[in-house]
There are 2 protein chains.
Amino acid sequence: MPQAPPTTDPRARLTELARPPMRADARRNYEALLDAADEIFSRRGPDAPLDEIARRAGVGNATLYRHFPSRRDLLVAICIGDVEALCALGNRLQRHPGAGEALTKWLRAYIKHVSSKRGLPAAFTTGRREDSEFVSACHAAINATGSALLKKAQDADEIRDDVNIVELIALVNAIAIATESQGLREANRLLGLVIGGIGR
Amino acid sequence: MPQAPPTTDPRARLTELARPPMRADARRNYEALLDAADEIFSRRGPDAPLDEIARRAGVGNATLYRHFPSRRDLLVAICIGDVEALCALGNRLQRHPGAGEALTKWLRAYIKHVSSKRGLPAAFTTGRREDSEFVSACHAAINATGSALLKKAQDADEIRDDVNIVELIALVNAIAIATESQGLREANRLLGLVIGGIGR
DNA sequence: ACCTGAACACCGTTCAAGT
DNA sequence: ACCTGAACACCGTTCAAGT
């Protein structure tokens, strides 16, 4: 007899993974690495040497590698707060009177968060099989949140039926990538075009 | 008195840069490097070691570096034929009866070409200041071609006036990046949404 | 259980010597 | 004028030894 299926909400699963139980010294190192990564990435870009981040955090480089097996894990970890904020916002927007407007508000918030850190949109582009469980859990939480908003908007006949959340988020990520050097205003312009295209 | 300004057509400039005069042995090496890069990149992806490409081409690694100062130069060089084909297609489409349809046909051809080689969409994302003259010339030729089609479609009132070619191409590149692992069909679906959004 | 830093492997880049 | 391959520098990854 197999285990009970994981009926857990993706957002709850994410919170679990984001805060694994750790010995006190390990936790200190973990936090120091996040702080260091946040600073170094924002100053030197997403390709900054990982050794520099470890040095800045005052830990050995192997410690970094243990906590964050891939660069992408680290990139995603430093914005876990943004992901959780987006999920929370999505939940609140469920009760928004206009379902179509709720979706577009959330998409604008999404692009704002994801554009706030260099290299993040690329890290968020979904569908890599090699992604760690942690990164996959982020995608799953975002998808679950966006999916609920999209479905409501489609049920209200405000958004075309032949749009799905995976491609919609892929497109928004694409916009963030394309406008990375130009800023949020430009990203919002392009998002406006897309929103115009999916309405009905 | 300054030199006469470079009134040259961007497409002519590109053809110049793509076929620089070379000694016979240099040209042989150049071609061998292109062949090797094409094969290695398509088999091992756009991050394949450059040394392997040089070895496969039967030349020293420094020779590769001389001909193609950056990885991006090499990536772009192997698809110079695609760029020229797109420019030629754009010219032909100028005489297409429906100006809006001509633009969308060209955009679909663009995404097809650019999706055909892994890593190419990223190499085509414009606006890097560090780009070589060769890569810039490619962008300029594409922009000139797309710009003419867009302007005609806007003059015919088939496309909204507040869209410019730079952002439109950036968006199409981004779509190609976001759907790289999913294939051309998915890219075309997303392009459809954008085209719906820019119409009027 | 977790950490450390040195060792290793890999790859891009440069350069002195060659044709 | 162009080519070569070795030397160098850099960085990600692993591992034996330590707490």
Side-chain angles (χ1 to χ4, degrees), chain A residues 17-37 39-41 43-78 118-119 122-123 128 130-132 134-135, chain B residues 17-37 39-41 43-78 118-119 122-123 128 130-132 134-135:
Chain A
L17 283 169
R19 282 160 196 80
M22 265 186 279
R23 227 168 61 178
D25 56 340
R27 167 150 318 254
R28 246 191 325 272
N29 285 340
Y30 185 92
E31 305 286 352
L33 281 166
L34 284 184
D35 287 349
E39 195 204 311
I40 304 279
F41 280 146
R43 203 172 48 204
R44 320 255 299 209
D47 296 325
L50 297 181
D51 272 15
E52 196 176 329
I53 294 175
R55 208 177 324 124
R56 165 114 209 157
V59 305
N61 53 0
T63 300
L64 184 155
Y65 197 70
R66 165 197 308 268
H67 284 300
F68 306 100
S70 78
R71 181 182 291 273
R72 186 177 284 213
D73 283 306
L74 190 47
L75 275 166
V76 171
I78 60 178
R118 278 164 61 186
R128 310 256 172 188
E130 329 95 53
D131 275 345
S132 68
F134 173 64
V135 173
Chain B
L17 284 169
R19 284 161 194 79
M22 266 185 277
R23 225 168 61 177
D25 56 340
R27 166 150 316 253
R28 246 191 327 271
N29 286 340
Y30 184 92
E31 305 286 352
L33 282 166
L34 283 184
D35 287 349
E39 195 204 311
I40 303 280
F41 279 146
R43 202 173 49 204
R44 321 254 300 208
D47 296 324
L50 297 181
D51 271 16
E52 195 174 331
I53 293 174
R55 207 175 328 123
R56 165 114 208 156
V59 305
N61 55 1
T63 300
L64 183 156
Y65 197 71
R66 166 198 305 269
H67 284 301
F68 306 99
S70 77
R71 182 182 290 272
R72 185 177 283 216
D73 283 306
L74 189 47
L75 274 166
V76 172
I78 61 177
R118 277 164 61 187
R128 310 256 172 188
E130 329 94 54
D131 275 345
S132 67
F134 173 62
V135 173

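Worth saying up front: this structure is predicted, and the values here are computed from it rather than measured. Note on naming: letters A, B, ... go to the chains in the order of the sequence lines (proteins, then strands), and numbering restarts at 1 for each one.
Neither OP1 nor OP2 of dC2(C) sits under 4.0 Å from any side-chain N or O of His67(A). Contact between the side-chain N/O atoms of Arg66(B) and the OP1/OP2 oxygens of dC2(D) is not found at any separation under 4.0 Å. Within the 4.0 Å cut-off from OP1 or OP2 of dG12(C), not a single side-chain nitrogen or oxygen of Tyr65(B) is found.
When both pairing distances are held under 3.5 Å, dA17(C) makes no Watson-Crick or G-U pair with any nucleotide shown. The base-pairing partner of dG12(D), taking Watson-Crick or G-U wobble contacts with both distances under 3.5 Å, is dC8(C).
Among the nucleotides dC3(D), dG12(D), dC2(C), the one closest to any side-chain atom of Asp25(A) is dC2(C).
Not one N or O on the side chain of Arg28(A) forms a donor-acceptor pair closer than 3.5 Å with the backbone of Arg23(A). Counting only distance, with no hydrogens or angles, the side chain of Arg71(B) and the backbone of Ala48(B) share a donor-acceptor pair below 3.5 Å.
The 5' end of DNA chain D is approached more closely, in terms of each residue's nearest nucleotide, by Val59(B) than by the other of Val59(B) and Pro69(A). In terms of position along DNA chain C, the nucleotide closest to Arg27(A) lies nearer the 5' end than the nucleotide closest to the other residue of the pair Arg44(B) and Arg27(A). Between Thr63(B) and Arg23(B), the residue anchored closer to the 5' end of DNA chain D is Arg23(B), taking for each the nucleotide with the nearest heavy atom.
Within 4.0 Å (heavy atoms only), Ala62(B) reaches at least one base atom of the nucleic acid.
Contact of Asn61(B) with dT13(C) (side chain to base): a donor-acceptor pair of N or O atoms is detected under 3.5 Å.
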